[in-house]
Amino acid sequence: MKIFDAHTDILYDVYKKAKNNDLNRFSDYHDKQLKSNANGGIWTLYSPDEFNLIDALENTIKLIDFSEFDVILGLESLRNLKNVSDLDIIYNLGVRHAMLTWNEENDYATGILGDISRGITLKGYEVLDYMIQKDMIIDLSHLNEKSFYDILNYTNQNILVSHSNIYELCKHSRNLKDEQLLKLKEANGLLGLTLVGNFISNDLENQTLDNFMEHLKYAINIMGIDNVCFGFDFMDYFDYSKTLNIEEVKSINDIKKLIDKMFEHGFKKEEIEKITYYNIYNRFKKHIYKANY
């Protein structure tokens, strides 16, 4: 079964390990397990703190062999984007995806930990104009509700929520309410469901694949099967013993358990292939990174 993961922080992991003089992180850790289990995905440079974004991208891309994977290069937060004009440099490096924020509020937008009355800023709209002009993927993950609606009231081009679940089933601030799901559907956006445990249930014992299936069914009921995919947000490469993913599927190595569970819940092979691969791949394959950019 083909897998295209709408959200993984592989770029950030390679970047952080390189800062500690481990220049072989991708080949030593990621390459083998990905070759066995995934065809590609949106690989992001996560920005939980301050660093030189352009230097980080340039140096990290050099350390990865992309030849056997279909990868879209992405950014998880623009907090380290110093000037909107720097987007030209970032685009020319091959980046085709961005979230305007992580959970913070920054110069461009407001995340879920920011002021609930603050949304997209004037500079944020400049970023959106650039992304629209360049046909980039606009990822609404981590935005607060005002920023979420600000963007969807401004554009419906290449809209993705790469890693969130259903608020009605789990009251987590990163999950989407029904009204947000309907607005996302109206924009023909794509929802990536995640295997982060506390996005599935507030109770540890209910953070299971069976309950994840309920999120999947709920999303399909509102969004339609063609607008749903997976953004696993695996964290095994940060610290396998402390990963926030569910115990049944703690890394991409466990992905067959998810596929088996989908069959168990009555999904047909062609439906599973849509959700795990074709819905996102067919929509965004033009953005796949080529080393000769």
side-chain hydrogen bond (donor to acceptor under 3.5 Å, both in side chains) between Asn156 and Asn188: does it pass, once the steps are laid out?
-> CA-CA 7 Å; Asn156 62 0; Asn188 193 31; over 6 Å; no
If hydrophobic clusters are built by linking Ile, Leu, Val, Met, Phe, Trp and Tyr wherever their side-chain heavy atoms come under 4.5 Å apart, do [X] and [Y] end up in the same one?
X	Y	answer
Ile200	Tyr167	no
Trp102	Ile120	yes
Met136	Leu87	yes
Leu169	Leu204	no
Ile159	Met99	no

Passing option when Phe234 is tested against Phe238, Phe230, Phe232 for ring-ring contact (aromatic ring centres under 6.0 Å, His included) | Phe232
Decide side-chain hydrogen bond (donor to acceptor under 3.5 Å, both in side chains) for Asn24 and Lys17; before the verdict, give the C-alpha distance in whole Å, the side-chain angles of both, and the deciding distance to 0.1 Å.
-> CA-CA 9 Å; Asn24 299 309; Lys17 295 301 188 297; over 6 Å; no
How long is the gap from [atom1] on [X] to [atom2] on [Y], to the nearest 0.5 Å?
X	Y	atom1	atom2	result
Glu205	Gln207	CD	CD	8.5 Å
Leu45	Leu73	CG	CG	10.0 Å
Asp254	Ile246	CG	CD1	9.0 Å
Leu176	Leu140	CG	CG	8.5 Å
Thr8	Asp236	OG1	CG	8.0 Å
Leu11	Thr44	CG	OG1	6.5 Å

Under the 3.5 angstrom rule, does the side chain of [X] hit a backbone N or O of [Y] as a donor-acceptor pair?
X	Y	result
Asp107	Asn80	no
Asn245	Ser251	no
Asn103	Leu113	no
Arg96	Tyr91	yes
Ser141	His163	yes
Glu58	Asp55	no
Asn59	Tyr15	no
Asp139	Ser162	yes
Arg79	Thr101	no

Using the test ring-ring contact (aromatic ring centres under 6.0 Å, His included), find all partners of His97 that sit at least two apart in sequence or belong to another chain.
-> none
Under the side-chain contact (heavy atoms from CB on, under 4.5 Å) test, residues paired with Asp210 that sit two or more places apart | Thr208, Lys261, Glu264, His265
Report the residues that fulfil side-chain contact (heavy atoms from CB on, under 4.5 Å) with Glu126, sequence neighbours left out, ordered by chain and then residue number.
-> Val84, Lys123
Where do [X] and [Y] come nearest, in terms of heavy atoms and distance?
X	Y	result
Met223	Gly189	CE-O, 3.6 Å
Tyr108	Leu81	OH-O, 2.6 Å
Leu78	Ala98	CD2-CB, 4.2 Å

So, [X] and [Y]: side-chain donor and acceptor under 3.5 Å apart, yes or no?
X	Y	answer
Asp135	Asn158	yes
Ser36	Gln33	no
Asn52	Lys82	no
Asn144	Ser147	yes
Thr194	Asp233	no
Ser85	Asn83	no
Asp129	Tyr154	yes

Got [X] and [Y] here, is their nearest side-chain heavy-atom distance under 4.5 Å?
X	Y	value
Ile280	Ile42	yes
Leu53	Leu75	yes
Asp178	Tyr218	yes

How are the rings of [X] and [Y] set to each other: parallel, tilted or perpendicular (split at 30° and 60°)?
X	Y	answer
Tyr29	Tyr237	perpendicular
Phe69	Trp43	tilted
Tyr46	Tyr12	perpendicular

If you count every heavy atom of other residues, nucleotides or ligands that lies below 6.0 Å from [X] atom [atom1], does the total exceed 12?
X	atom1	answer
Lys171	NZ	yes
Lys32	NZ	no
Lys134	NZ	yes

In this structure, which one of Glu145, Glu105, Arg118 forms a side chain to side chain donor-acceptor pair (under 3.5 Å) with Thr110?
-> Arg118
Does the ring of Phe284 carry Lys286 above it, NZ/CZ under 6.0 angstrom from centre and within 45° of its axis?
-> no
Could you tell me whether Asp13 and Arg25 have a side-chain N and a carboxylate O separated by less than 4.0 Å?
-> yes
